[in-house]
Amino acid sequence: MKTLPYARKQEILEMLKENEFVDVDQLSKKFEVSYMTINRDLKELEESGAVSRVYGGVKAAEGNAPTLHISPSAAKSGTSAEAAEEKPYYDLTIEERFKISLKAKQSIAKRAAELVQNGDVIAMDPSTTVIHMCTFLQGKNIIVITTSLMVALQFSNSKSVQVMMPGGSIRKPSLSIVGPLMEDMLDEVVIDKCFLSSHAISFENGLTDLTVEESDSKKKLLKRSKKVYVLVDNTKVGHDASFSVCKWPEIAAIITDSGTALSEEKKNHLDRFSEKGVEVIYTAK
């Protein structure tokens, strides 16, 4: 199954921590992408200063641990890790948000994808955790309704996944569809399972987001859904943002990191959902 570009580059760097050299053919087979795609990844990694390309493959840059750095021009535009930390979360680009809790998001997405059956009509929001699900859904015979341009593009080569997008305006930081026009198309569909995430979740206030546009578009998706699955890594548990998405009675299950990744306080917090009948699913250790 194909991996998302940012995640693919992170995996290449992880491989270089254990190997002095990795060849293009090996990478092409591992990620099931063309040589052109791998060479583009390696070119971007080299420009970031993380690696050096050599004949037939790549090695870690001299004197550096293989870490994905941001070029000076990108740093000026606010895409360095340090700059990302200083910017409001709702202003971060998709690329910047992919860097946050990457492994936790991948494990949560994989577990969520296991809940999808052939024949399902599912909704997917534009959150980076949900976007990671695309990797694990490529071969399933499903209909995906999404407000995310990124999700739609991930299924562009799939022969079994049908994608439907509602109309509206594009919110550029998240590459998502927002606005009142969404409801016209959504009124015509019945969604089996809705997968969404957000900035924060607490028992008292439920799932909350940082912008009214994103919270409103998520509400429209879950309104048409039989079951709602919330995907959140442990950093979001026990916190609140400004705009409500849904309360605990609307949530069928919460999928989060392995219980070992949670503090006792966060674990107790999730137990309150369980006591009300909301299933809490932890990823494998």
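Index from 1, following the sequence. Every heavy atom of this structure was used, including side-chain atoms; hydrogens, water molecules and symmetry mates were not.
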Co-membership, hydrophobic cluster, residues [X] and [Y], 4.5 Å side-chain:
| X | Y | result |
| --- | --- | --- |
| Leu270 | Val278 | yes |
| Leu153 | Ile142 | no |
| Tyr35 | Leu27 | yes |
| Phe243 | Leu222 | no |
| Leu13 | Phe31 | yes |

I need the minimum non-hydrogen distance between [X] and [Y], along with the two atoms involved.
| X | Y | value |
| --- | --- | --- |
| Cys194 | Leu221 | SG-CB, 4.1 Å |
| Gln106 | Phe136 | O-CE1, 4.0 Å |
| Asp120 | Leu115 | OD2-O, 4.1 Å |
| Leu231 | Ala109 | CD2-CA, 4.4 Å |
| Asp209 | Ala241 | O-CB, 3.2 Å |
| Pro126 | Ile131 | O-CD1, 3.5 Å |

Under a 4.0 Å N-O cut-off, is there an ion pair linking [X] with [Y]?
| X | Y | result |
| --- | --- | --- |
| Glu46 | Lys43 | no |
| Glu204 | Arg272 | yes |
| Glu11 | Arg8 | no |

Verify, without hydrogens or angle tests, whether [X] (side chain) and [Y] (backbone) share a donor-acceptor contact under 3.5 angstrom.
| X | Y | value |
| --- | --- | --- |
| Thr146 | Asp125 | no |
| Ser225 | Val228 | no |
| Lys140 | Val116 | yes |

*Test Val232 against every option in Thr129, Ile108, Leu207 by the side-chain contact (heavy atoms from CB on, under 4.5 Å) rule and name the one that passes.*
Leu207

*Under the salt bridge (charged side-chain N to carboxylate O under 4.0 Å, His left out) rule, what do Glu250 and Lys247 come out as? Steps first, then yes or no, please.*
CA-CA 6 Å; Glu250 300 172 89; Lys247 305 289 188 180; over 6 Å; no

Flag the pair [X] / [Y] as yes when at least one side-chain heavy-atom distance between them is below 4.5 Å, and no otherwise.
| X | Y | result |
| --- | --- | --- |
| Pro166 | Lys220 | no |
| Thr256 | Tyr282 | yes |
| Met15 | Gln26 | yes |
| Val22 | Ile12 | no |
| Val24 | Leu42 | yes |
| Asp192 | Lys227 | no |
| Gln154 | Thr135 | no |
| Val190 | Arg224 | yes |

_Geometric class of the Phe273/Phe203 ring pair [parallel <30°, tilted 30-60°, perpendicular >60°]_ = perpendicular

*Yes or no on side-chain contact (heavy atoms from CB on, under 4.5 Å) for His132 and Leu102, after CA distance, side-chain angles and deciding distance?*
CA-CA 10 Å; His132 278 296; Leu102 178 62; 3.6 Å; yes

_Verdict with supporting geometry, Lys17 and Glu14, salt bridge (charged side-chain N to carboxylate O under 4.0 Å, His left out)_ = CA-CA 5 Å; Lys17 289 180 180 179; Glu14 289 297 320; 3.2 Å; yes

*When you look at NZ of Lys219, are more than 12 heavy atoms from neighbouring residues, nucleotides or ligands closer to it than 6.0 Å?*
yes

_Within 6.0 Å of CD in Glu20, more than 12 heavy atoms from elsewhere_ =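 Count not over threshold, so no.
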
*Any chance you could lay out the side chain to side chain donor-acceptor pair (under 3.5 Å) test for Ser198 and Lys218, step after step, and finish with the verdict?*
CA-CA 9 Å; Ser198 203; Lys218 294 174 197 287; 4.8 Å; no

*Please test Val189 against Val121 for side-chain contact (heavy atoms from CB on, under 4.5 Å), starting from the C-alpha separation and ending with a verdict.*
CA-CA 9 Å; Val189 299; Val121 177; 5.6 Å; no

*Do we see a donor-acceptor contact under 3.5 Å between the side chains of Thr208 and Asp240?*
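Judged by distance alone, the side chains do not pair up.
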
_Apply side-chain contact (heavy atoms from CB on, under 4.5 Å) to residues Val58 and Leu45 and explain how you reach the verdict._
CA-CA 10 Å; Val58 66; Leu45 286 170; over 6 Å; no

